[in-house]
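As structure tokens, the structure follows; a few thoughts come after it.
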Amino acid sequence: MSQKSPPAALAPGHAFFFGLGYAAERLAARLLSAGWRVSGTVRDPEKQNALRERGIAAHLFGPGMPLENPERVLDGVTHLISSIPPVDAGDPALLAHGEAIRATETLRWTGYLSTPAVYGDRQGALVHESDPPNPGSARGRRRLAAELAWMDVLDGAGDVQVFRLSGIYGPGTRNAIAQVKAGTARIIDKPGQVFNRIHVDDIGTILLASMARPAANRIYNVADNEACPSGDVIRYACALLGVEPPEPIPFDSAALSPMARSFYSECKRLDTTRLVKELEVQLDYPTYRVGLSAIFAELGSGAE
Ligand SMILES: NC(=O)c1ccc[n+]([C@@H]2O[C@H](COP(=O)([O-])OP(=O)(O)OC[C@H]3O[C@@H](n4cnc5c(N)ncnc54)[C@H](OP(=O)(O)O)[C@@H]3O)[C@@H](O)[C@H]2O)c1
């Protein structure tokens, strides 16, 4: 696991996560060990208790369940990360607590975790952050609206940066090795379809690099250096495990959730020059092979 400390230029502050999910929890652990104060939201009281035991001040927040006393909860927060996906009505955190967020005077940096769905289908072309968004799905349109709402809410009162994350994977259950082992791995065959991925700990590294260099309303593509078909990743995981890959399923006849079908209906490669040039980030996991090999090695060492 990447245990890189936050950049030296980044003094410990108070990070608040709207949504302590997969990516947020991994970054929260790094911040805690670097002496930060960490708090945030969950929907489940059991998860709230588990996080509190690890030193994270977790608060309940979800549909019909606003934060209790949001001004007090946000008081002293220096860095705010939102990882809650938007709903039809808008961004859950902004709908419930936009005013309290805007009133948080201590806020120095805000990161909104978004998706490349805002670009729409680019038929495999390389997409740069300066390309105008053109979402082709309801999912992409909701995301774009949420990005704009976050940039708007703190207009002049804090630096919002938007991170368009490609397919997230990493230790635990969110990787192709775990899927193959669980018997849930499928190879969806759609000729020409490729996408990027990003290791969860590279996301943390990128967010930390951005915190050290705030840039108001800046957008960053967050991706590895190798867009490829999903089948390549499953086949690589099978090779690591020494098992035969599953038979490919043609896209047209595959049983897919509406979310997965919408995802596979678009194709793009993400340009990540900005990560390197502006944030000076070197990915620890530049390809899925490096990332999966590291996960496989950790499994072998019993670390997972
Ligand atoms: N997975 C991917 O490949 C991918 C790719 C691109 C972008 N993204 C986006 O990037 C962000 C981070 O991804 P992730 O995989 O770390 O997300 P995740 O594990 O699904 O975490 C999302 C967090 O948001 C909370 N949440 C969800 N809906 C909510 C609602 N209506 N009200 C309050 N809280 C809510 C969840 O609460 P609980 O903890 O209670 O579940 C969880 O803490 C998400 O917005 C995701 O959609 C994901």
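The first residue in the sequence is number 1, and the count goes up from there. Ligands are counted one by one from 1 in listed order, and the atoms in each one are counted from 1 as well.
- Residue Gly167 has at least one heavy-atom neighbour below 4.0 Å for each of these atoms of ligand 1: 3 (O).
- The part of Leu20 lying near ligand 1 is the backbone, judged by heavy-atom distances below 4.0 Å.
- Near Ala23, meaning under 4.0 Å from any of its heavy atoms, are these atoms of ligand 1: 16 (O).
- Residue Leu165 holds the heavy atom nearest to atom 10 (O) of ligand 1 of all those in Leu165, Leu95, Asp44, Val42.
- Taking all atoms of both residues into account, the shortest heavy-atom contact from Asp224 to Tyr285 is CB-O, 4.1 Å.
- A cation-pi arrangement is found for Arg261 relative to Phe251, the charged atom lying closer than 6.0 Å to the ring centre and inside a 45° cone about the ring normal.
- With 3.5 Å as the limit, one finds no donor-acceptor pair spanning the side chains of Tyr22 and Ser83.
- In the hydrophobic clustering of ILVMFWY residues, with side-chain heavy atoms under 4.5 Å counting as a link, Leu95 and Ile84 come out apart.
- Less than 4.0 angstrom separates some heavy atom of Phe61 from each of these atoms of ligand 1: 33 (C).
- Here atom 17 (O) of ligand 1 lies nearest to Arg174 when heavy atoms of Arg43, Arg174, Gln48 are compared.
- Looking at atom 5 (C) of ligand 1, its nearest protein heavy atom turns out to be Ser166 O, 3.4 Å.
- No side-chain donor-acceptor contact under 3.5 Å links Arg186 to the backbone of Pro246.
- Ion pairing between Arg108 and Asp159 fails under the 4.0 Å rule for side-chain N and carboxylate O.
- Ranking the protein heavy atoms by distance from atom 22 (C) of ligand 1 puts Ser83 O, 3.5 Å first.
- Each of the atoms 27 (C), 45 (O), 47 (O) of ligand 1 lies under 4.0 Å from some heavy atom of Pro85.
- Rounding to the nearest 0.5 Å places OG of Ser137 at 10.5 Å from CZ of Arg143.
- In this structure, Ser114 has a heavy atom closer than 4.0 Å to ligand 1.
- Near Lys47, meaning under 4.0 Å from any of its heavy atoms, are these atoms of ligand 1: 39 (O).
- One option in Met65, Arg139, Arg26, Arg143 has a heavy atom closer to atom 46 (C) of ligand 1 than any other, and that option is Arg143.
- Ion pairing between Glu129 and Arg164 fails under the 4.0 Å rule for side-chain N and carboxylate O.
- Set against the non-hydrogen atoms of Ile168, the atoms of ligand 1 under 4.0 Å away are 1 (N), 2 (C), 3 (O), 4 (C), 13 (O), 15 (O), 48 (C).
- Two rings, from His79 and Phe16, have their centers 6.0 Å or more apart.
- Which parts of ligand 1 touch Gly62 is read off a 4.0 Å heavy-atom cut-off, strictly below it: atoms 32 (N), 33 (C).
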